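Note that the structure is a prediction, hence the values are computed from the model and not measured. Order of the sequence lines sets the chain letters (A, B, ...), proteins ahead of strands, with each chain counted from 1.
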Amino acid sequence: MQLYKDQTLKVTNSLTGKKEVFNPVNEGHIGMYVCGPTVYSNVHLGNCRTFMSFDMIFRYFKHLGYKVRYVRNITDAGHLVDDAEEGEDKIAKKARLEQIEPMEVVQRYTVDFHNILEQFNFLPPSIEPTATGHIIEQLEIIKEILKKGFAYEVNGSVYFDVKKFNESFDYGKLSGRKLEDMIANTRELTAQSDKKSPQDFALWKKAEPQHIMRWPSPWGDGFPGWHLECTAMSTKYLGETFDIHGGGMDLKFPHHECEIAQAEASNGNSPVNYWLHANMLTMNGKKMAKSTGNNILPGEIFSGNNAILSKPFIPSVVRFFMMQAHYTSILDLSNDALLASEKGFNRLIDALDNMSGLETGVNTDFNVADWKQKCYDAMNDDFNTPILIANLFEAVKHINLIKEGKENITLSDKELLQQTMNSFVFDVLGLENKNDGHQDSDKLQGVVELLIQLRNDARGNKDFATSDKIRDQLLAMGIQLKDGKEGTTFSIS
RNA sequence: GGCAUCGUGGCCGAGUGGCUAGGCGCAGCUCUGCAAAAGCUUGUACAGCGGUUCGAAUCCGCUCGAUGCCUCCA
């Protein structure tokens, strides 16, 4: 199903600052690279938001019938704690603090990352390469950049020469910065530096004797610079120019700017046609970050074990909450917002469950085909999931009205509605039906049904003291009875 | 300090020149022994001040406020 032939997708390209019609390099195929996590601590919810945005984008591409190669890396080396020349890297620091091997750190938090993403129902990327697995590729790029004259070696380290690069290319085109401004605004560096200019960045850092993570190179033992791995891995798996590069807004500068510079310096090509940036998840109005401690772990949300939460929330509710905001907007996390999303999510899923039982008739009271296209229009407009969800609730309203016999639907429209709803809710948004797979034991079911019978007997005898006691005490245990036209049902929270 | 982004009804959150999403809450109604649950119905809001325009939440300017990046960060 090559739906993409019938749909015109527009994306916000950070490189131009505009919404542009999306056309891949090779028709029907998409190469997408997303900067993954540095695995030196547990992934927090803010990290998850970015990856979830691109998971949704990946899902929509697939839904449209594209063949997508989605590469999301694991950074397991090379990111420095700060810009100081001594430059300990984060993973090495964590390894030292915990007195374990750096690769144990990497393993521990990679497993955590995968575990959390699985709970959020992420689709795995096509390739998940690691930085340490691509040292040779990185060395080759450094050699190439040196050969082209855009880098220089000092004391066993290699730096990218930003000024030199800017003479032939445009450094700052992604983030809207001008090199002259950046130079003018640079404070004097007091520490002595090997760099010719503060804007220069490391391609290769010499490893001090105490540095654990090290590899041999033409310039001595060392480790790769912060930005190089993404250039190496994206080029290797997606080519010198590919369709989409994504990542968090906070990576736009300097990380993505440097990636462009490295690629252009080494092979002359602008590496990416469409740069997509996902915006930050905030908490208390401030960006979530590992370094500041202003963050919340997914596990804390699932267990409710955090001071800002009044109760636990299942992964799909969190996903739904995030999908209710556009991926380019800042989103603030709060208990109230999650509670509101939870109610909306439950209403959506309940309507979905009710769809199959709808009675069909000879006419339909709303235009299902038009509604379906509206759903696509929303997604085609830069993946506007909030508008998509608004349309889904439009369908929820009709489903409920049909269920109550106040509106009609034909069999073919019902099938179209069902198929479209399922596609968008489960395939594109990646939500999961909370009612599936959580069957409580038969015994519990039987016990509650017995109590419902006893209560109904009491009600028949107008013994409301007994019937209300059963109802209220069950509720106190988290079992809610729901009296409906066709009898009493219950839900267990 | 420099460069950006944002400020929408009680809350969350779309929209970007006229037709004014959606969710949650509140209220009303239906249902019920009473409730709860569920369902339906309902909201003319766009920080402030000027300007452009027949017409602006939407464009321009200024003011105020918030955030992000400029150092590792999704």
Side-chain angles (χ1 to χ4, degrees), chain A residues 17 34-38 40-41 43-54 75 79-84 87 89-90 172 175-178 181-182 184-187 198-199 226 246-255 257 277-282 285-292 295 320-321 324-326 328-334 336-348 350-351 354 374 378 381 384-394 396-397 399-401 403-404 406 459-460 462-464 467-468 471-472 475 480-485 488-491:
Chain A
V34 171
C35 292
T38 307
Y40 70 98
S41 64
V43 62
H44 68 247
L45 200 65
N47 302 125
C48 293
R49 187 191 177 199
T50 294
F51 302 129
M52 195 179 287
S53 296
F54 288 103
T75 295
H79 276 215
L80 304 180
V81 170
D82 56 42
D83 198 30
D89 92 34
K90 289 175 179 174
S175 55
R177 287 155 209 256
K178 296 218 176 317
D181 295 344
M182 290 166 60
N185 285 313
T186 306
R187 281 162 292 174
Q199 282 71 40
W226 344 324
M249 201 73 115
D250 50 351
L251 297 183
K252 200 170 177 182
F253 187 91
H255 183 59
E257 201 70 73
H277 285 100
N279 219 322
M280 298 294 102
L281 180 69
T282 62
K286 301 270 190 202
K287 176 188 168 186
M288 271 192 207
K290 293 178 189 172
S291 52
T292 60
N295 65 57
F320 183 76
F321 162 72
Q324 278 185 299
H326 190 83
T328 58
S329 294
I330 292 170
L331 175 64
D332 195 60
L333 182 83
S334 68
D336 285 351
L338 284 172
L339 285 171
S341 289
E342 182 177 54
K343 292 210 174 182
F345 172 74
N346 288 337
R347 205 157 79 87
L348 177 67
D350 288 347
N354 287 329
K374 274 194 200 166
D381 185 12
N384 200 322
T385 52
I387 296 283
L388 170 67
I389 289 172
N391 283 312
L392 297 181
F393 275 106
E394 187 64 25
V396 167
K397 193 179 81 181
I399 290 167
N400 289 331
L401 285 168
K403 183 172 171 246
E404 301 218 330
K406 292 175 181 165
R459 291 171 77 195
K462 301 221 185 290
D463 179 8
F464 298 123
S467 67
D468 289 356
R471 174 223 286 165
D472 296 342
L475 184 62
Q480 183 171 47
L481 302 186
K482 300 173 181 179
D483 294 329
K485 261 199 167 133
T488 302
T489 58
F490 64 95
S491 67

Of the candidate nucleotides [options], which contains the atom at the shortest distance from the side chain of [X]?
X	options	result
A/Thr50	B/G33, B/C70, B/A74	B/A74
A/Phe51	B/G33, B/C73, B/A74	B/A74
A/Ala340	B/C24, B/A36, B/A74	B/C24
A/Ile387	B/A14, B/C69, B/A74	B/A14
A/Asp250	B/A74, B/G25, B/A37	B/A74
A/Gln324	B/G2, B/C12, B/G23	B/G23

Are the side chain of [X] and the backbone of [Y] linked by a donor-acceptor contact shorter than 3.5 Å?
X	Y	value
A/Asn384	A/Ala378	no
A/Glu257	A/Gly172	yes
A/Arg49	A/Asn279	yes

Suppose we define a pair by two distances each less than 3.5 Å, Watson-Crick or G-U wobble; what does [N] pair with here?
N	answer
B/C19	none
B/C6	B/G65
B/G1	B/C70
B/C31	none

| field | First encountered from the 5' end of RNA chain B, between A/Leu251 and A/Asp336 | value | A/Asp336

| query | Which residue lies toward the 5' end of RNA chain B, A/Lys482 or A/Pro386, if each is placed at its nearest nucleotide? | reply | A/Pro386

Atom of [X], atom of [Y] and distance for their closest heavy-atom approach:
X	Y	result
A/Met280	A/Ala278	CE-O, 3.9 Å
A/Gln324	A/Ser341	OE1-OG, 2.7 Å
A/Asn47	A/Lys290	OD1-CE, 3.6 Å
A/Met288	A/Asn295	CG-CA, 3.7 Å
A/Cys35	A/Leu251	CB-CD1, 3.6 Å
A/Asn400	A/Ala351	OD1-CB, 4.5 Å

Do any N or O atoms of the protein come closer than 3.5 Å to N or O atoms of nucleotides 64-67 of chain B, and which pairs are they?
residue, atom, partner, partner atom, Å
B/U67, OP1, A/Lys286, NZ, 2.6

If I pick the [atom1] atom on [M] and the same atom on [N], what distance separates them, to the nearest angstrom?
N	M	atom1	value
B/G2	B/G17	C1'	33 Å
B/A36	B/A47	P	38 Å
B/U42	B/C29	C1'	11 Å
B/C12	B/U20	P	24 Å
B/G15	B/U5	P	16 Å
B/G9	B/C46	P	8 Å
B/G7	B/A14	C1'	15 Å
B/C62	B/C54	C1'	26 Å

Heavy atoms only, 4.0 Å cut-off, all strands: where does [X] land among base, sugar-phosphate and nothing?
X	answer
A/Asn384	sugar-phosphate
A/Met280	base
A/Gly176	sugar-phosphate
A/Asp332	sugar-phosphate
A/Leu281	base
A/Ala278	nothing
A/Phe393	sugar-phosphate
A/Ser329	sugar-phosphate

Rounded to the nearest Å, what distance is computed from the [atom1] atom of residue [X] to the [atom2] atom of nucleotide [N]?
X	N	atom1	atom2	answer
A/His326	B/G22	NE2	C1'	16 Å
A/Arg459	B/C34	CZ	P	10 Å
A/Arg49	B/G13	CZ	C1'	11 Å
A/Asn391	B/G23	CG	C1'	13 Å
A/Lys343	B/G25	NZ	C1'	8 Å
A/Met182	B/G1	CE	P	19 Å
A/Asp181	B/A4	CG	C1'	13 Å
A/Leu338	B/G25	CG	C1'	16 Å

| field | N or O in side chain of A/Lys290 less than 4.0 angstrom from B/A74 OP1/OP2 | value | yes

Counting distance alone, no hydrogens or angles: does the base of [N] have a donor or acceptor under 3.5 Å from a partner atom on the side chain of [X]?
X	N	result
A/Asp483	B/A38	no
A/Arg471	B/A35	yes
A/Asp381	B/G15	no

| field | Distance, nearest 0.5 Å, that separates CZ of A/Phe464 from NZ of A/Lys462 | value | 5.0 Å

| message | Taking atom NZ as the centre, does A/Lys374 end up with more than 12 heavy-atom neighbours from other residues, nucleotides or ligands that are less than 6.0 angstrom away? | response | no

Between N or O atoms, less than 3.5 Å apart, protein on one side and nucleotides 39-46 of chain B on the other: list the pairs.
residue, atom, partner, partner atom, Å
B/G39, O2', A/Glu404, OE1, 3.2
B/G39, O2', A/Glu404, OE2, 3.2

| message | Classify the ring geometry of A/Phe345 against A/Phe320: parallel below 30°, tilted from 30° to 60°, perpendicular beyond 60°. | response | tilted

| field | Pairing of A/Asp468 and A/Arg471 as salt bridge, 4.0 angstrom limit | value | yes

